[in-house]
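FYI, the numbering just counts along the sequence from 1. All of these numbers come straight from a predicted model, not from anything done at the bench.
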Amino acid sequence: MLASESVALEGLGFTVVRDVEPGEAIYIDMDGNFHARQCASNSSLNPCIFEYVYLARPDSTIDGVTVYNVRMRMGDYLAEKIRAETDVSKIDVVMPIPDSSRPAAMQVAKRLGISYREGFFKNRYIGRTFIMPGQAVRKKSVRQKLNAMRIEFKDKTVLIVDDSIVRGTTSYEIVQMARESGAKKVIFASAAPPVRFPNVYGIDMPTRSELVAYGRTHDEINQLIGADQLIYQSVEDMKKAVQDINPNIKNFESSCFDGCYISGDITEAYLDALEAARHIANTEEDRKSDPSDFARSQLHLQLANGD
């Protein structure tokens, strides 16, 4: 058996033998015979770092790195960034956005000596909102997906830790939920750097125009999500969190953060064509889901872009 994550193997009673090598082709014939062949003469290991940030399950091991441990290390680095950018003595509680940011948030709380609380609770029957088609659908799903427990927010300065910020839709709704629940002040921290570019290697991520960080300053992003303060992890610290566990990984596919596409063949024309096709599809989805919500989301987008 072969799978993209170790948990798929372990959950079915298999034993993990090794990772598929870069440039390696695996073939299993109809008789169950296993064949492996190296097909690239100059291969190099460049794992997708967004797997460690968000996509992979925390109990998976990828390229010798346990995802859970990486997310804890990201929390360690993020805690130091928070300490440098704000007065941590004024923060009452640290809260994660369940589930993928929980390891990072726990480490942030531990490092800063601040109480850790679970203020948001997840409806497990709602899927991942950042890949849902249409802005109207995503906005509704955030409120259906998470519920805020008022007693944990009332009259407190809350540090909310999330794994990443993609479109900003979820972040904005979360900040509003915290305020509606009585939070005195909301500081939003991301365990990943700003997502500024689309991923074109198989992850259904947004186009540049849909990304809240694309073409905007730090203050503009903070204003759009409605927080009192926004703190991002640095690209260097995110990479170090993985390399601390496996120093043999020298490079990553991190294009959604730095715009450097590892294959070297992604052009502006390609991204423009991708965005045009996606815009048509998303517009139709929004119109179908809720015409009034679609009109409001278009107006919000125009205001955000200064039109």
Can you check whether M74 reaches V70 side chain to side chain, under 4.5 Å on heavy atoms? yes
Let's go through D63 and E51 carefully: what are the C-alpha distance in whole Å and the side-chain angles of both, what is the deciding distance for side-chain contact (heavy atoms from CB on, under 4.5 Å) to 0.1 Å, and is it a yes or a no? CA-CA 11 Å; D63 295 311; E51 293 277 3; over 6 Å; no
F252 vs M238 side-chain heavy atoms within contact, under 4.5 Å: no
Taking the inter-plane angle between the rings of F50 and F257 on a 0 to 90° scale, is it parallel (under 30°), tilted (30 to 60°) or perpendicular (over 60°)? tilted
Interatomic spacing from CD1 in I49 to CD1 in I62 - rounded to 0.5 Å: 11.5 Å
From CA spacing to verdict: side-chain contact (heavy atoms from CB on, under 4.5 Å), I91, T86: CA-CA 9 Å; I91 300 172; T86 194; 4.2 Å; yes
Please assess D219 against T217 for the test side-chain hydrogen bond (donor to acceptor under 3.5 Å, both in side chains), listing each intermediate value before the final yes or no. CA-CA 5 Å; D219 288 341; T217 66; 5.4 Å; no
Cluster membership besides M72, Ile/Leu/Val/Met/Phe/Trp/Tyr side chains within less than 4.5 angstrom, sorted by chain and number, is Y68, M106, Y116
Under the side-chain hydrogen bond (donor to acceptor under 3.5 Å, both in side chains) criterion, do N46 and E253 qualify, and how do the steps go? CA-CA 5 Å; N46 305 282; E253 201 305 292; over 6 Å; no
May I have the list of side-chain donor-acceptor pairs in residues 184-198 shorter than 3.5 Å, sequence neighbours left out?
| unit_1 | atom_1 | unit_2 | atom_2 | d |
| --- | --- | --- | --- | --- |
| S190 | OG | A192 | N | 3.2 |
| S190 | OG | A192 | O | 2.7 |
| R196 | NH1 | A213 | O | 2.6 |

With a 4.5 Å cut-off on side-chain heavy-atom distances among I, L, V, M, F, W and Y, is there a chain of contacts connecting Y54 to I249? yes
Is it true that the side chains of T207 and E210 contain a donor and an acceptor less than 3.5 Å apart? yes
With sequence neighbours excluded, residues passing ring-ring contact (aromatic ring centres under 6.0 Å, His included) with Y27: H35
Just wondering, do V161 and L78 contact through their side chains at under 4.5 Å, heavy atoms? yes
Shared ILVMFWY cluster between I225 and M177, side chains joined below 4.5 angstrom? yes
